[in-house]
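To start, the structure under review is shown below, and the notes come after it.
Proteins get letters first, then strands, A, B, ... in listed order; numbering begins at 1 in each.
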Amino acid sequence: MSLGERDQRVYATVCSIPLGRVATYGQIATLSGMRGMARQVGYVLFDVPSNSTIPWHRVINARGEISQRSEFGAELGQRHRLELEGVQFDERGRVCLNTFGWNPDGDCEEKKQTDLWE
DNA sequence: CATATGACGTCCT
DNA sequence: GAGGACGCCATAT
């Protein structure tokens with residue numbers, strides 16, 4: 001089984017998400033050179049095994065929620081992984097993208113913002 | 001080739 | 001904010 005170039009790009013982008021940060025599917029799509037194809041990103045991640053070195057758990061949907069999968073309870077595992085990295089969830093089970101969202105360009109500035117805020 | 005489906009996103013009520 | 005319509009496109013049947 002050979003991996004397509006599209007999958008490689010997505011893997012590379014996902015792997016560049018910093019620890020304790022999350023990115024949306026659309027964001028991954030754009031950064032991988034396939035804007036508007038968020039759905040395809042989800043499809044690619046579907047084939048990634050949960051024990052993979054790829055930080056697939058840092059990818060969530062645009063609403064800051066963990067997308068529901070076919071497998072029951074899989075979302076809980078993803079949430080657990082993120083919490084171990086310091087990502088906080090609100091009472092409704094959502095992540096504040098404004099705080100934990102990954103900004104590839106001005107990640108440092110955004111980090112300063114959160115430091116000042118805390 | 002026509003349809004259905006899905007780890008999504010945006011826009012409109 | 002919730003819910004629905006539509007868009008997008010690779011895969012499966």
Side-chain angles (χ1 to χ4, degrees):
Chain A
M1 39 187 263
S2 55
L3 297 170
E5 185 180 335
R6 176 185 56 120
D7 303 87
Q8 294 291 349
R9 280 171 171 264
V10 171
Y11 293 156
T13 307
V14 173
C15 285
S16 57
I17 305 175
L19 187 82
R21 283 292 172 89
V22 294
T24 68
Y25 293 92
Q27 198 175 355
I28 300 300
T30 301
L31 293 174
S32 303
M34 6 185 275
R35 180 147 70 166
M37 295 187 245
R39 208 154 201 161
Q40 268 46 39
V41 173
Y43 214 85
V44 171
L45 291 184
F46 183 82
D47 290 325
V48 176
S50 23
N51 61 342
S52 171
T53 58
I54 299 175
W56 52 269
H57 54 279
R58 294 179 194 151
V59 184
I60 60 180
N61 61 31
R63 293 165 9 185
E65 294 177 318
I66 294 177
S67 297
Q68 210 166 11
R69 310 187 349 220
S70 344
E71 191 106 11
F72 180 78
E75 336 147 18
L76 296 178
Q78 182 172 4
R79 172 171 178 163
H80 183 62
R81 281 183 179 230
L82 288 176
E83 286 177 330
L84 287 179
E85 296 184 353
V87 177
Q88 300 175 354
F89 291 75
D90 60 12
E91 50 285 331
R92 278 162 65 219
R94 300 192 342 182
V95 176
C96 179
L97 290 178
N98 209 13
T99 304
F100 298 100
W102 174 40
N103 192 331
D105 295 324
D107 201 7
C108 295
E109 301 179 19
E110 192 180 359
K111 207 165 190 178
K112 280 187 177 181
Q113 289 277 3
T114 42
D115 286 343
L116 291 175
W117 195 257
E118 287 295 331

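- Under a cut-off of 6.0 angstrom, the local environment of CD in A/Q68 is sparse, with at most 12 non-hydrogen atoms contributed by other residues, nucleotides or ligands.
- Residues A/R58 and A/V87 form no side-chain contact, since every pair of their non-hydrogen atoms from C-beta on lies 4.5 Å or further apart.
- Residues from residues 58-71 of chain A placing a heavy atom under 4.0 Å of any atom in DNA chain B, listed by number, are A/N61, A/A62, A/S67, A/Q68, A/R69, A/S70.
- Residues satisfying the side-chain contact (heavy atoms from CB on, under 4.5 Å) criterion with A/T24, sequence neighbours excluded, are A/Q27, A/L97.
- The salt bridge (charged side-chain N to carboxylate O under 4.0 Å, His left out) search around A/E5 returns A/R9, not counting sequence neighbours.
- Remark: A/T13 engages A/S32 in a side chain to side chain donor-acceptor pair (under 3.5 Å) (not counting sequence neighbours).
- Applying the salt bridge (charged side-chain N to carboxylate O under 4.0 Å, His left out) test to residues at least two apart or on different chains, none of the pairs has a partner in residues 27-54 of chain A.
- Looking at residues two or more places apart in sequence or on another chain, you find a salt bridge (charged side-chain N to carboxylate O under 4.0 Å, His left out) between A/R63 and A/E65.
- A heavy-atom distance below 4.5 Å is not found between the side chains of A/V10 and A/Q40.
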Output one line per pair: protein atom, nucleotide atom from nucleotides 6-8 of chain C, and distance, for all N/O pairs under 3.5 Å.
{"from": "C/dG7", "atom 1": "O6", "to": "A/R39", "atom 2": "NH1", "distance (Å)": "3.3"}

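- Near DNA chain B, meaning a heavy atom under 4.0 Å away, the residues from residues 22-32 of chain A are A/T24, A/Y25, A/G26.
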Output one line per pair: protein atom, nucleotide atom from nucleotides 2-4 of chain C, and distance, for all N/O pairs under 3.5 Å.
none

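- With sequence neighbours excluded, no residue forms a salt bridge (charged side-chain N to carboxylate O under 4.0 Å, His left out) with A/R6.
- Contact detail for A/W102 and A/A23: the closest heavy-atom pair is CE3-CB, 4.0 Å.
- With sequence neighbours left out, the side-chain contact (heavy atoms from CB on, under 4.5 Å) criterion links A/D90 to A/R92, A/R94.
- Side-chain contact between A/S50 and A/W56: present, with at least one pair of heavy atoms (C-beta onward) separated by less than 4.5 Å.
- For the pair A/V41 and A/V14, the minimum side-chain heavy-atom distance is 4.5 Å or more.
- One interatomic measurement links the two molecules: CZ of A/R81 to C1' of B/dA7, which rounds to 14 Å at whole-angstrom precision.
- The pair A/E75-A/R79 fails the salt-bridge criterion, with no side-chain N (NZ, NE, NH1 or NH2) lying under 4.0 Å from an Asp/Glu carboxylate O.
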Atom pairs, protein N/O to nucleotides 11-13 of chain C N/O, distance under 3.5 Å:
{"from": "C/dT11", "atom 1": "OP1", "to": "A/R6", "atom 2": "NH2", "distance (Å)": "2.7"}

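- At least one side-chain heavy atom of A/I66 sits under 4.5 Å from a side-chain heavy atom of A/F89.
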